[in-house]
Amino acid sequence: MAQELSTKYNPVEVEDKWYSHWMKYGFFKSSPNPSKEPYTIVIPPPNVTGVLHMGHMLNNTIQDVLIRRARMKGFEALWVPGTDHASIATEAKVVAMLKEKGLSKKEIGREKFLEHAWEWKEKYGGIILEQLKKLGASCDWDRTRFTLEESLSEAVIDVFVDLYEKGMIYRGIRMVNWDPEGKTAISDDEVVYKDVNSKLYFVNYKIEGEDREVTIATTRPETILGDTAVCINPNDERYRDLKGKKVIVPIANRSVPIIEDEYVSMEFGTGCLKVTPAHDINDYELGQKHQLESIEIFNDDGTLNKYGLHYENEDRFVVRKKLAKELESLGQLAKIEEYQNSVGFSERTDAVIEPKLSMQWFLKMDEITKPAYENVMNDTIKLIPPKFKNMYRHWMENVRDWCISRQLWWGHRIPAWYINGSEFVIAKNEDEALSKARQKTGNAGLQKGDLKQDEDVLDTWFSSWLWPMSVFDGFKDPDNEDINYYYPTNTLVTAPEILFFWVARMIIAGYEYRGKKPFNEVYLTGIVRDKQGRKMSKSLGNSPEPLELIKKYGADGVRVGMLLSSPAGNDLLFDIKLCEQGRNFNNKIWNAFRLVKGWNVDSQKENKNQTAIDWFENCFLQSLSQLEDHFSKYRMSDALMTVYKLVWDDFCSWYLEMVKPSYGDSIDEITYNATLNFFDKLVRILHPFTPFISEEIWSQLKERDEKDCLIVAKWPEIKAFDSETIDQAEKIFDVISAIRNFRNEKQISPKTALKLNIETKDKAVYDNFGEILIKLANIESLVFNETSGDSDYALIVKQDKLHIPIDQSIDVEEEQKKLKEELEYTKGFLNSVSKKLSNERFVSNAPEQVVAKEKQKQKDAEERIVVIEKQLKSLQ
RNA sequence: GGGCGCUUAGCUCAGUUGGUUCAGAGCACUUGGUUUACACCCAAGGGGUCGGGGGUUCGAAUCCCUCAGCGCCCACCA
């Protein structure tokens, strides 16, 4: 009964009710089922530190739409949830928490620190997953995994050992960002670049054995003490005569070679570069290339070491000034220029970052990346949208070895054990390490205490790259039922910013360890931005709180809002209005349902709505095909819009208006059942987008068993449809709109019934849809091709003329003017079509279909012109 | 600096291999509406020389060249 159903849909209760119901009956659960094809998604594991933000909302809505649809299409659908331990982010949070308690990492030591970290993880680590439930995420929660849990950690260590044994992991020198204040290496992400005003010092270096000098420009004169070469561009004419010579490093008085490399820009400074391999990444590479010595001149705290000579133990910036003075007094400072450049600062301590050489672990990327490269290029793995293929290729072609060690504690500790400093063994655990160490050294007396495990942990991505395999225990037990059934997964939904960090590496690992791709398709979402296009961030305060949104608009409303305008790979400019639109849509459906539930059925009554029923049936099938097409191309917004228009326009605005009994009247049984049947189909295709309201309506369509839920109902079957019926309806809709517009213009109330006399050559349309026309345009008498009074108003729709006699006197001039404009336009149109058709090259070159259609256009236009001219004449 | 991409209605975007009413959709906007499903609504309507210029073609939003503006990724210039 109508009064039982509120006029406004209230999602809060409904959503909680259904989520528990689905959980209760285990509809999200999946296990290998040989009689069904699997459809698998592994969630991009959110950081344990994470709190649900709008990016998650978009990302997980898309995944849920895909998984729910797959479930309904009869796949064994599995969505595996989990979280990522996120070394850097989590460690930073824990450090901050300790700081509040007045503790520091160093004081409490590794073990205690990790205790705190785990405690923190237990407390906050699950929040984000709980939040996802509010969104309606239909993950198999029993399968929730965590990248630092025991089984997944074992996988990481196994892989490390394996790759090492294959000779793909090595130790090497790398430049890290050193924070002299915090005395720690920090990641690239934690470096903040700022434009600062600095100085460019022009220093004269003496050429060995000659009375000449060469001038070099530098922003960091203190690093002169670490110079091991001077570099010029081999094409630089100015320095041709310097080739092969040596220069004397000022103050240090060291003789270093002049090397040549095209890396040096001839335009910058003097075109002559000092090379300090230990303190500049580019210089380091030059040093590698030209086999230069590398002299480190700094201590960990940013003071100079013994290579600083008389500046030993003084701070780098103090030395910079003093050294400049000394150079000046030596007459070796040519000039100082003001200069603006970008300098890296530590995000945490705001200290200027010092590039520092350090020993790190690397994974060789040249060989291992090959299948990952090829199989994306040949579309074995599809990137959506495909434009990302180019980016992927560029990265793969320029890939560098992957530095996999991080100077942190929260993470997978590198399974390397050092014996007396430099010698080491790689082993799965300490016991194994000990036996390997004994073997390696030949010293059977070695004890565990003689071994020291590497202090560093592995890059977080070194665990997440195994995710699609490790969640199914594909390492611990490589031939288990789960991994054999679910792997490769179907679709990965993630952000383009981690295409290289994560996606590419998962592909690499997939081929390396399973010989198979990890997923068939990668759907790359955009970034959720605010209306002004700014990235959403806490500091800007421009990010809405997702749970508040859900409370206000319902999860269904928010889901619709997220999907309304988010083509793959494009950023979504989020506007709260999108959620409003989503909510309104749900309310619309709710009210349509309220209407139908309120109908009184009269089983004696005759069905007069068969045309409407047939039409909507076809209309539905047409939309269903379009929907299928959109989904197959991952056009989520278009898919949703197809359903949106089908429900709002076709079903509510047209179909329900066609069949709706007038007030107090009853409805016949056939129409009633057909309408409920339409609801049944509509909620099925709505379900992936708006799971809650669709389930609620479905449950009210008829008496059902508790387990008979929409979430596991069948997706409607795609069938051919009759486009003739749809075309006819379109024409009738045009006629109805024209009449409504006429009422608007003439200010005739919709309640006032009109007489209508139609001149047409296509009466079949009216034979079928006449009753509908009468009802929706409020016509009291409909006749065809009768002679009309000269003073009648006439509307021209396509090739038909609608005479509508009304009491208002006709404004002949106005009507003539409109008709003449129309005539002009149509003639112009006809002219261009005829021109095309009289062009022999068009007729002979264009496909037959195109020509035929042009001919039809010509014919239609000609007929229309006749109709217009006739009406014009009758007005004279 | 290297690579990639974008520019279509006020906004966000579709527009498949050049060819039907292809210049579209949603929102926004304007006008009218207390029709008993819904004002979170109904009906109707007005908006664009497809960034500028040039070219190829019977035909260009779509292909080519060029200019302008914007964005992203990577490496960051002493």
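One can place CD of A:Q626 at 13 Å from P of B:G26, the figure rounded to the nearest angstrom. Note: CG (A:L640) to P (B:C27) measures 12 Å, nearest angstrom. Look at CG on A:L573: it is 13 Å from C1' on B:C6, rounded to the nearest Å. If you measure from atom CE of A:M396 to atom C1' of B:G3, you get 16 Å, rounded to the nearest angstrom. In this structure, A:D629 places its CG atom 12 Å from P of B:G15, rounding to the nearest Å. For the pair A:R594 CZ and B:A37 C1', the interatomic distance rounds to 5 Å; values are reported in whole Å. Rounded to a whole Å, the CG atom of A:L656 is 16 Å from the C1' atom of B:U36. The CG atom of A:D530 sits 12 Å away from the P atom of B:U12 (whole-angstrom rounding).
Between A:F651 and A:Y655, the ring planes lie parallel to each other; the angle is under 30°, not in the 30° to 60° tilted range. The aromatic rings of A:W461 and A:F501 lie parallel to each other, their planes meeting at an angle below 30°, with 60° marking the opposite boundary.
At the heavy-atom level, A:Y644 lies under 4.0 Å from the strands shown only through sugar-phosphate atoms. Across all strands, A:N570 comes closer than 4.0 Å only to sugar-phosphate atoms, never to a base (heavy-atom distances). Among the heavy atoms of the strands lying under 4.0 Å from A:R635 are primed sugar atoms or P, OP1, OP2 only; no base atom is included.
Between the P atoms of B:C41 and B:G26, the separation comes to 14 Å (whole Å). Between B:G5 and B:U66, the two P atoms lie 15 Å apart (nearest whole Å). Nucleotides B:U8 and B:G3 have their P atoms positioned 26 Å apart, rounded to a whole Å. Comparing B:G18 with B:U12, their C1' atoms are spaced 27 Å from each other, to the whole Å. Here the separation of B:G59 from B:C73, taken at their C1' atoms, is 39 Å to the nearest Å. The same atom, C1', is picked in B:G10 and in B:G53; the two are 27 Å apart, to the nearest Å. Taking atom C1' in both B:U7 and B:A61, the straight-line distance is 12 Å, to the nearest Å. A distance of about 38 Å separates the C1' atoms of B:C64 and B:A28, rounded to the whole Å.
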### Task
Heavy atoms under 4.0 Å is the rule here; annotate nucleotides 72-78 of chain B 5' to 3' with B where the base is hit, S where only the sugar-phosphate is, and - elsewhere.
-S--SBB
### Message
Does the protein touch nucleotides 40-46 of chain B at the base, only the backbone, or not at all? Give it as B, S and - per nucleotide, heavy atoms under 4.0 Å.
### Response
BSSBSS-
Which pairs would a plain distance check flag for residues 570-585 of chain A, meaning a side-chain donor or acceptor within less than 3.5 Å of a matching protein atom at least two apart in sequence or in another chain?
| residue | atom | partner | partner atom | Å |
| --- | --- | --- | --- | --- |
| A:D571 | OD1 | A:I527 | N | 2.9 |
| A:D571 | OD2 | A:R529 | NE | 2.5 |
| A:D571 | OD2 | A:R529 | NH2 | 3.2 |
| A:D575 | OD1 | A:K577 | N | 3.0 |
| A:Q581 | NE2 | A:Y644 | OH | 3.2 |

Would you tabulate the side-chain donor-acceptor contacts of residues 269-280 of chain A under 3.5 Å, counting partners in other chains and residues two or more places apart, or write 'none'?
| residue | atom | partner | partner atom | Å |
| --- | --- | --- | --- | --- |
| A:T270 | OG1 | A:T215 | O | 2.6 |
| A:T270 | OG1 | A:C272 | N | 3.4 |
| A:K274 | NZ | A:T223 | OG1 | 2.7 |
| A:K274 | NZ | A:D227 | OD1 | 2.7 |
| A:K274 | NZ | A:T276 | OG1 | 2.9 |
| A:T276 | OG1 | A:D227 | OD1 | 2.9 |
| A:H279 | NE2 | A:I297 | N | 3.0 |
| A:D280 | OD1 | A:N282 | N | 2.8 |
| A:D280 | OD1 | A:D283 | N | 3.1 |

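Side chains of A:Q858 and A:E854: no donor on one and acceptor on the other come within 3.5 Å.
When the ring-ring contact (aromatic ring centres under 6.0 Å, His included) test is applied to A:Y284, no partner is found at least two apart in sequence or on another chain. Contacts of A:K335 classified as side chain to side chain contact (heavy atoms under 4.5 Å, CB included), with partners at least two apart in sequence or in another chain: A:F202, A:E337. For A:N778, the side chain to side chain contact (heavy atoms under 4.5 Å, CB included) partners are A:R743, A:A753, not counting sequence neighbours. Scored by the ring-ring contact (aromatic ring centres under 6.0 Å, His included) test, A:F733 finds A:W615, A:W654 as partners (sequence neighbours excluded). For A:F689, the ring-ring contact (aromatic ring centres under 6.0 Å, His included) partners at least two apart in sequence or on another chain are A:F631. Listed by chain and number, the residues in a ring-ring contact (aromatic ring centres under 6.0 Å, His included) with A:F692 are A:W22 (sequence neighbours excluded).
Residue A:L286 holds its CG atom at 5.0 Å from SG of A:C231, rounded to the nearest 0.5 Å.
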### Query
Do A:E822 and A:R864 pass the salt bridge (Lys or Arg N to Asp or Glu O under 4.0 Å) test, and can you show the C-alpha distance, the side-chain angles, and the key distance before you say yes or no?
CA-CA 10 Å; A:E822 189 57 39; A:R864 193 174 160 86; 2.7 Å; yes
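Both A:R393 and A:Q581 lie close to RNA chain B; mapped to their nearest nucleotides by heavy-atom distance, the more 5′-ward contact belongs to A:R393. If A:K577 and A:L595 are placed on RNA chain B by their nearest nucleotide, the residue sitting closer to the 5' end is A:K577.
In this entry the base of B:G47 is syn relative to its sugar, with a glycosidic angle within 90° of 0.
Comparing B:U16, B:G26, B:U36 by their closest approach to the side chain of A:Y663 singles out B:U36.
Ring to ring, A:F388 and A:Y392 are not that close: their centroids are 6.0 angstrom or more apart.
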Each nucleotide N or O in nucleotides 18-22 of chain B that has a protein N or O under 3.5 Å away: list the pair and distance.
| residue | atom | partner | partner atom | Å |
| --- | --- | --- | --- | --- |
| B:U20 | O3' | A:K857 | NZ | 2.9 |
| B:U20 | N3 | A:K853 | NZ | 3.1 |
| B:U20 | O4 | A:K853 | NZ | 2.8 |
| B:U21 | OP1 | A:K857 | NZ | 3.4 |
| B:U21 | OP2 | A:K857 | NZ | 2.4 |

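Each of A:L327, A:I216, A:N204, A:L323 was scored for a side chain to side chain contact (heavy atoms under 4.5 Å, CB included) with A:P250, with one residue passing: A:L327.
A close approach under 4.0 Å does not occur between any side-chain nitrogen or oxygen of A:N398 and OP1 or OP2 of B:G3.
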### Task
Represent RNA chain B in dot-bracket notation, 5' to 3'. Only Watson-Crick or G-U wobble pairs with both distances under 3.5 Å count; pseudoknot-style crossings use [ ] and interstrand partners use |.
(((((((..((((.....[....)))).(((((.......))))).....(((((..]....))))))))))))....
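A salt bridge between A:D261 and A:K289 is present, with a side-chain N of the basic residue lying under 4.0 Å from a carboxylate O of the acidic one.
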